[in-house]
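The structure appears right after this line, and notes come after that.
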Amino acid sequence: MFPHQSKAQDSTSQKYLGFDANPMLSQFLPFNRVVVSSNTFAVTTRRYWGRHGLRASYGVGLGDALDVNFLQFMLGYDYRVPLNKHWYYFNGVDLLLRFSEDLSSNFPVATGDAQGIGIGGHWGVEYAFNKVISVSSEASLRMMVDPGNDDASFILVPPINLTVHFNISKK
């Protein structure tokens, strides 16, 4: 009916909702050989148009007494490439904002207690069980700057957390 529709109007997007699965998996799998941060909870939303996409992540880090160590918000660009029928490789950049009660370490490489604004890169792999459920793990390197006291921190996040994603696209 409308022969001159733009490509943006007919292109379909895929929407995903994901969550950090380590707290749940640590109840069933013996993660006692690796120190896994099971006190960090995150929800991630992703939207792809072909191989390019945007993602947003919202997270909270809890201490041993269930006190809040930090709140974190990330917004980023993601590039996702299929390797075969089930495996994907992805990478991208993120802008992040983290609020923390205090900086417990003055060491230049922080373990996650840094606060402020930052930028970082991420690299990961994803395995799709079917069209709806997939699981991924990623590594990231972030640089944080705290404007309140002019501190800079580098945060290296190894790929030990698993994220479960659900494709919530309308079919």
Side-chain angles (χ1 to χ4, degrees), residues 7-8 10-26 29 31 34-61 70-100 107-146 151-170:
K7 186 170 181 140
D10 4 86
S11 67
T12 59
S13 65
Q14 292 183 331
K15 299 175 197 172
Y16 293 89
L17 179 64
F19 66 92
D20 185 7
N22 279 28
M24 181 184 68
L25 288 175
S26 65
L29 299 174
F31 281 141
V34 178
V35 178
V36 177
S37 175
S38 63
N39 58 351
T40 303
F41 301 95
V43 173
T44 303
T45 60
R46 302 182 303 169
R47 187 167 190 171
Y48 290 102
W49 296 270
R51 294 183 176 186
H52 303 276
L54 296 174
R55 70 184 202 161
S57 181
Y58 320 95
V60 61
F70 64 85
L71 296 173
Q72 177 172 292
F73 306 97
M74 289 194 316
L75 180 64
Y77 165 78
D78 211 29
Y79 181 73
R80 184 173 171 231
V81 180
L83 299 175
N84 62 27
K85 185 178 176 183
H86 294 282
W87 287 96
Y88 293 87
Y89 167 76
F90 60 92
N91 62 34
V93 295
D94 296 306
L95 297 173
L96 90 115
L97 180 60
R98 181 182 280 190
F99 301 101
S100 179
F107 193 66
V109 178
T111 60
D113 293 332
Q115 68 177 353
I117 58 174
I119 188 166
H122 64 269
W123 307 265
V125 292
E126 180 176 355
Y127 182 81
F129 292 104
N130 52 39
K131 291 181 181 181
V132 177
I133 300 172
S134 65
V135 63
S136 70
S137 186
E138 69 182 54
S140 66
L141 179 62
R142 305 169 185 159
M143 187 189 87
M144 301 285 300
V145 176
D146 184 358
D151 282 342
S153 302
F154 289 96
I155 302 171
L156 175 63
V157 180
I160 57 175
N161 284 340
L162 296 176
T163 303
V164 175
H165 306 277
F166 296 95
N167 186 342
I168 58 171
S169 303
K170 294 179 182 176

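Residues: numbered from 1 along the sequence shown. None of the values given here were measured: they were computed from a predicted structure. In what follows, every heavy atom counts, from backbone to side chain, and hydrogens, waters and symmetry copies are set aside.
To the nearest 0.5 Å, atoms CZ (F99) and CG (L97) are separated by 4.0 Å. Interatomic distance, H52 NE2 to S13 OG, rounded to the nearest 0.5 Å: 14.5 Å. The CG atom of D146 lies 6.0 Å from the CG atom of D151; values are rounded to the nearest 0.5 Å. Here CZ of R142 is found 6.5 Å from CZ of R98. Values are rounded to the nearest 0.5 Å. Here the straight-line distance linking atom NE2 of H122 with atom OH of Y79 works out to 13.0 Å at 0.5 Å rounding. Expressed to the nearest 0.5 Å, how far CG of L96 lies from CD1 of I155 amounts to 7.0 Å.
Proximity of a side-chain donor or acceptor of N167 to a complementary backbone N or O of K131 within less than 3.5 Å is detected. At distances below 3.5 Å, not a single donor-acceptor pair connects side-chain atoms of S153 with backbone N or O atoms of M144. At least one donor-acceptor pair closer than 3.5 Å links the side chain of S169 to the backbone N or O of K15.
Residues W123 and Y89 meet the side-chain proximity criterion, which asks for heavy atoms closer than 4.5 Å. Using a 4.5 Å heavy-atom threshold, the side chains of W49 and L54 count as touching.
The salt bridge (Lys or Arg N to Asp or Glu O under 4.0 Å) check on E138 picks up R55, with sequence neighbours excluded. Qualifying side chain to side chain contact (heavy atoms under 4.5 Å, CB included) partners for L17, counting only residues two or more places apart in sequence or in other chains: V43, T45, I168.
The two atoms that bring A21 and V164 nearest to each other are CB-CG2, 3.5 Å, heavy atoms only. Closest heavy-atom contact between T44 and S57: OG1-OG, 3.5 Å. Residues S137 and L162 come closest through the heavy atom pair CB-CD2, 4.0 Å. Shown here for D94 and G76, the closest heavy-atom pair between the two residues is OD1-CA, 3.3 Å.
Taking the six-membered ring where tryptophan is involved, the planes of F19 and F166 are essentially parallel, since the angle between them stays under 30° and well short of 60°.
The aromatic ring centres of Y127 and F129 sit less than 6.0 Å apart.
Under the side chain to side chain donor-acceptor pair (under 3.5 Å) test applied with S136, the options H165, R46, E126 reduce to a single match, H165.
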Would you mind writing out the side-chain donor-acceptor pairs for residues 81-88 within the sub-3.5 Å range, not counting sequence neighbours?
residue, atom, partner, partner atom, Å
N84, OD1, H86, N, 2.9
N84, OD1, W87, N, 2.9
H86, ND1, A128, O, 2.7

